[in-house]
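Okay, structure first, notes after.
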Amino acid sequence: MNIFQEYINKIGNLILQNQKKLELDNLINLKSIVVESPPVEFNFDLSCNAALVLGKINKVNPKELAIKIKDLILNDLKDFEKIEIAGPGFLNLKLTNNSLILNINRILENRKSYGKNNSHNNYNIEFVSANPTGPMHVGHCRGAIYGDVLANLLKFNGNQVTKEYYINDYGNQIDNFAKSVFLRIREIKYKERFILKDDLYPGEYIVEIAKKIIDSNKNEKFINFNESLQLLKKESLKHSLNLIKFDLQQLGIIHDNFFSETDLIKNKLVDKAVNYLKKKNYVQEGYLEPPKGETDKNWKKTKRLIFKSTLFGDDTDRAMQKNDGTWTYFANDVGYHMDKINRKNKYLINVLGADHTGYTKRITAAVSALSDNKVKLDCKVCQLVKLYKNGKPFKMSKRAGDFISAQDLLNEVNKDSIRFMMLNRSNDVEIDFDFDKVLEKSKDNPVFYVQYAFARISSLFRTLKKDLNDTIKLDSKKFLLNNHEIKILRKVLEWPKIIETASSKYEPHKIPYYLYELATLFHSYWSKGNEDQSFKFIENGKIKRSETLSMIVLTAIVIQQGMNILGVSLPNKM
RNA sequence: GCGCCCUUAGCUCAGUUGGAUAGAGCAUCGGUUUUCUAAACCGAGGGUCGUAGGUUCGAAUCCUUCAGGGCGCGCCA
């Protein structure tokens, strides 16, 4: 259920049926009529812009039209006890007690599904996809959590979601990685000094991997790098993927599918995709202009296969082949995305770090070309995370090398705080992450604030000797909500809409913000009892009013669902 | 030179399919605890929504200009 959507439909139909009575010539923009929550200070349940929208296109005074629509609604729908016209022509509507009771009961009876908007599409979310040459860093964490929560959100809404990790286990970097491990092995086994050169990986984890490989290959001498290369690649990749999976697991993230770039090439998926695009004339042989930015000494003007991505909104066409005729990284990725399309996904989402901004247009173009615009790829870029401690930039660890690792972060802050903080900001804004703030157990720290609200509710149920999941009954004869309760109810009614916009716009950050607001209302109500005894919820071990109990349960339902989507725990005691 | 993102209170940020008096938290100042959890609550002050134009009944939101900050701009991955 989504009360706003329900009344958009009801009011829309009413207007449609009474077009003549309302003297409206044009209902073309009926779709831009919305029902939403009015600003709190108006003290109404719903607000509708119908008169403004229709007044504009029909050239009638919106306030006069509002009066007509108001009468219409009052006559036909029995759900409202009061309607007022406010501002330029908004209709503010107040629900009758009966419809309030009805809506409360609907939520209480369908707790598990409250907030779900039935959507049944196939989504594929590719996220993290960190190079398997070492552990995750902080930037990956943000993308990881964003992707994971987006997946939870879309699933909650009824969709099929595949969480996918693309393993870039092919190309020069893997050779360099293997070489770094080889030299570390030589260092341990033969006391050769490891000298850091430009293409080698510096981190201490390389040493750890080297040790493991030595242990599991006792007979191997590691004399010649080229002879050991295949073994080293295989083993090093295995170990570094384990490092990454361990990091992910500690953040509470499990992917459904790990897709290997090497397999992609083995299975000729790139050739297939390129052939397909050739047939469509989107890929042809040609020459490219030199790049505009920094000059590249390896650049050569030679004939090669080129994808005409400018046809699909890219700034320039893109090379599919390198100098030596092998596929570029992009060509491989095109093959990969063709596979995603062939797996019957309707929506593709790639979660990328800020340093991949420039890549998004070409791969989006490729998906359009491969699917005849039938599949939509959205590349969501997560901006940088800057870490601070005591107000000063946080230094990187020795273990990871030249970056701050996920483990460094996990050493300072728990999973729940990391997840909540990473999402408590829109993905296209930089995050300043201050450890001290997050460690504080106060209102400074929104995670604790929401968790604490739930802990208080749990404590209440302990006192009542009741279970949160017990069915509760509203006394409809003397039903009356006080100010605090009506505010909570109105906020709770917004939940399905939050879910809807957060999932349709891929903006999971709306959830922590919403939960914080809901928690604020609850804390406020709770504390009212401190200054005024009559606002205490409980008397002689029993709840005083069934209205109170139902509002508390509604709050708990939504907080549980929200935190579940965020993947943040909810302790019963704090 | 080009592309993407950002610019809203002292600080960190919400708010963009155009709507009502632009909202939170922190910080500052003041108040609340024999009590269902004070990890909380209540109150006060604080704004030319980066600049300059445009579109209209109405713009933080849409269009254009300029400025400032960030990330990129490969035949690397």
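Proteins get letters first, then strands, A, B, ... in listed order; numbering begins at 1 in each.
A:Ile174 comes within 4.0 angstrom of no nucleic acid atom, judged by non-hydrogen atoms across all strands. Residue-level contact check: A:Phe42 touches the bases, meaning some heavy atom is under 4.0 Å from a base atom. Using a 4.0 Å heavy-atom distance criterion, A:Val34 is classed as a base contact. Nucleic acid contact for A:Asn572: base, since at least one base atom lies under 4.0 Å from a heavy atom of the residue. Contacts of A:Glu41 with the nucleic acid, taken as non-hydrogen atoms under 4.0 Å apart, are absent. At the heavy-atom level, A:Tyr329 lies under 4.0 Å from base atoms of the strands shown. A:Ala86 comes within contact range of at least one nucleobase, with a heavy-atom separation under 4.0 Å. Residue contacts for A:Ala455: at a heavy-atom cut-off of 4.0 Å it reaches a base atom on one of the strands shown.
Side chain of A:Ser180 to backbone of A:Asn176: a donor-acceptor contact under 3.5 angstrom is found. No donor-acceptor pair under 3.5 Å is formed between the side chain of A:Asn572 and the backbone N or O of A:Ser458.
Annotation: side chain to side chain donor-acceptor pair (under 3.5 Å) contacts of A:Gln284 (sequence neighbours excluded): A:Lys308.
Across the strands present, B:U55 finds no partner; the criterion is a Watson-Crick or G-U wobble pair with both atom distances under 3.5 angstrom. Across all strands shown, B:A44 is found opposite B:U28 as a Watson-Crick or G-U wobble partner, with both distances under 3.5 Å. Nucleotide B:U7 forms a pair with B:A67, judged by Watson-Crick or G-U wobble geometry with both contacts under 3.5 Å. For B:A38, there is no paired base (Watson-Crick or G-U wobble, both distances below 3.5 Å). For B:C73, the paired nucleotide is B:G1, the pair qualifying as Watson-Crick or G-U wobble because both relevant distances are below 3.5 Å.
Between A:Trp526 and B:A38 there is a side-chain polar atom (N or O) within less than 4.0 angstrom of OP1 or OP2. For A:Lys573 and B:C36, the shortest distance from a side-chain N or O to OP1 or OP2 is not below 4.0 Å. Taking side-chain N and O atoms only, A:Ser524 has a distance below 4.0 Å to OP1 or OP2 of B:C42. In terms of phosphate contacts, A:Tyr336 brings no side-chain nitrogen or oxygen within less than 4.0 Å of OP1 or OP2 of B:A77. In terms of phosphate contacts, A:Arg456 brings a side-chain nitrogen or oxygen within less than 4.0 Å of OP1 or OP2 of B:A38. When the side-chain nitrogen and oxygen atoms of A:His509 are compared with OP1 and OP2 of B:G15, one or more of them lie within a distance under 4.0 Å. Here A:Lys303 does not reach the OP1 or OP2 of B:C75: none of its side-chain N or O atoms lies under 4.0 Å away. Checking the phosphate oxygens (OP1, OP2) of B:U17, a side-chain nitrogen or oxygen of A:Lys505 falls inside 4.0 Å.
Among the nucleotides B:C13, B:U35, B:A39, the one closest to the side chain of A:Asn530 is B:U35. Across B:C36, B:C4, B:C42, the shortest atom-to-atom separation from the side chain of A:Thr357 is found for B:C4. Of the candidate nucleotides B:C4, B:A39, B:C42, B:C4 has the atom lying nearest to any side-chain atom of A:Lys361. Nearest nucleotide to the A:Tyr449 side chain, out of B:C76, B:A20, B:C41: B:C41. Residue A:Glu531 has its side chain nearest to B:C41 when only B:C41, B:C71, B:G19 are considered. Considering only side-chain atoms of A:Gln533, the nucleotide from B:G74, B:U35, B:A38 that sits closest is B:U35. Here the side chain of A:Lys510 is nearest to one of B:G15, B:A20, B:A77, namely B:G15. Closest to the side chain of A:Tyr452, from the set B:G19, B:A39, B:G72, is B:A39. Closest to the A:Asp432 side chain, of the nucleotides B:C5, B:A20, B:U12, is B:U12. Across B:A77, B:A39, B:C71, the shortest atom-to-atom separation from the side chain of A:Leu384 is found for B:C71.
The C1' atoms of B:G74 and B:C2 are separated by 15 Å, rounded to the nearest whole Å. On the P atoms, B:G23 is 13 Å away from B:A60, given to the nearest whole Å. Taking atom P on both B:U51 and B:G68, the two are 15 Å apart, rounded to the nearest angstrom. Of the P atoms belonging to B:C13 and B:U55, the separation is 35 Å, rounded to the nearest Å. Spacing between B:A59 and B:A52 at atom P, rounded to whole Å, works out to 16 Å. Between B:U65 and B:C4, the distance separating the two P atoms is 12 Å to the nearest Å.
Closest non-hydrogen pair, A:Val149 versus A:Pro508, comes out as CG1-CB, 3.7 Å.
Interface remark: the A:Arg304 side chain does form a donor-acceptor pair with the B:C75 base, using a distance-only criterion of under 3.5 Å. One can find a donor-acceptor pair under 3.5 Å joining the base of B:A20 and the side-chain atoms of A:Ser47. Below the 3.5 angstrom threshold, one finds a donor paired with an acceptor across the side chain of A:Asn323 and the base of B:C75. A donor N or O paired with an acceptor N or O is found under 3.5 Å between the base of B:G58 and the side-chain atoms of A:Lys56. In the interface, the side chain of A:Asn92 is paired with the base of B:A20 through a donor and an acceptor atom under 3.5 Å apart.
We find that CG of A:Asp333 is positioned 15 Å from C1' of B:G74, with the value rounded to whole Å. The CG atom of A:Asn43 sits 18 Å away from the P atom of B:U21 (whole-angstrom rounding). Put simply, CE on A:Met320 is 13 Å from P on B:A77, counting in whole angstrom units. The distance between atom CD1 of A:Ile431 and atom C1' of B:C26, rounded to the nearest whole Å, is 17 Å. Taking atom OH of residue A:Tyr359 and atom P of nucleotide B:C76, one finds them 13 Å apart after rounding to whole Å. Between the P atom of B:C41 and the NE2 atom of A:His484 lies a distance of 12 Å, rounded to the nearest Å. Here B:U61 presents its P atom at 19 Å from CG of A:Asn49, a figure rounded to the nearest Å. When rounded to the nearest whole Å, the span between CZ of A:Arg425 and P of B:G15 equals 11 Å.
Taking the nucleotide of RNA chain B with the nearest heavy atom to each of A:Phe537 and A:Asp315, the more 5' of the two is matched to A:Asp315. Place A:Tyr513 and A:Ala519 on RNA chain B by their nearest nucleotides, and A:Tyr513 ends up nearer the 5' end.
Remark: aromatic rings of A:Tyr516 and A:Tyr449 are close, center separation under 6.0 Å. Residues A:Phe42 and A:Phe90 keep their aromatic ring centres 6.0 Å or farther apart.
We find that the ring of A:Trp299 and the base of B:G74 do not stack by the test of centres under 5.5 angstrom and planes tilted less than 30°.
Using a 4.0 Å cut-off between charged side-chain N and carboxylate O, A:Glu539 and A:Lys542 make no salt bridge. Ion pairing of A:Glu494 with A:Lys491 is present here, as a side-chain N (NZ or NE/NH1/NH2) and a carboxylate O approach within less than 4.0 Å. Under 4.0 Å is where a charged nitrogen must lie from a carboxylate oxygen, and between A:Lys376 and A:Asp378 at least one such pair does. Salt bridge A:Glu164/A:Lys340: absent, no basic N to carboxylate O contact under 4.0 Å.
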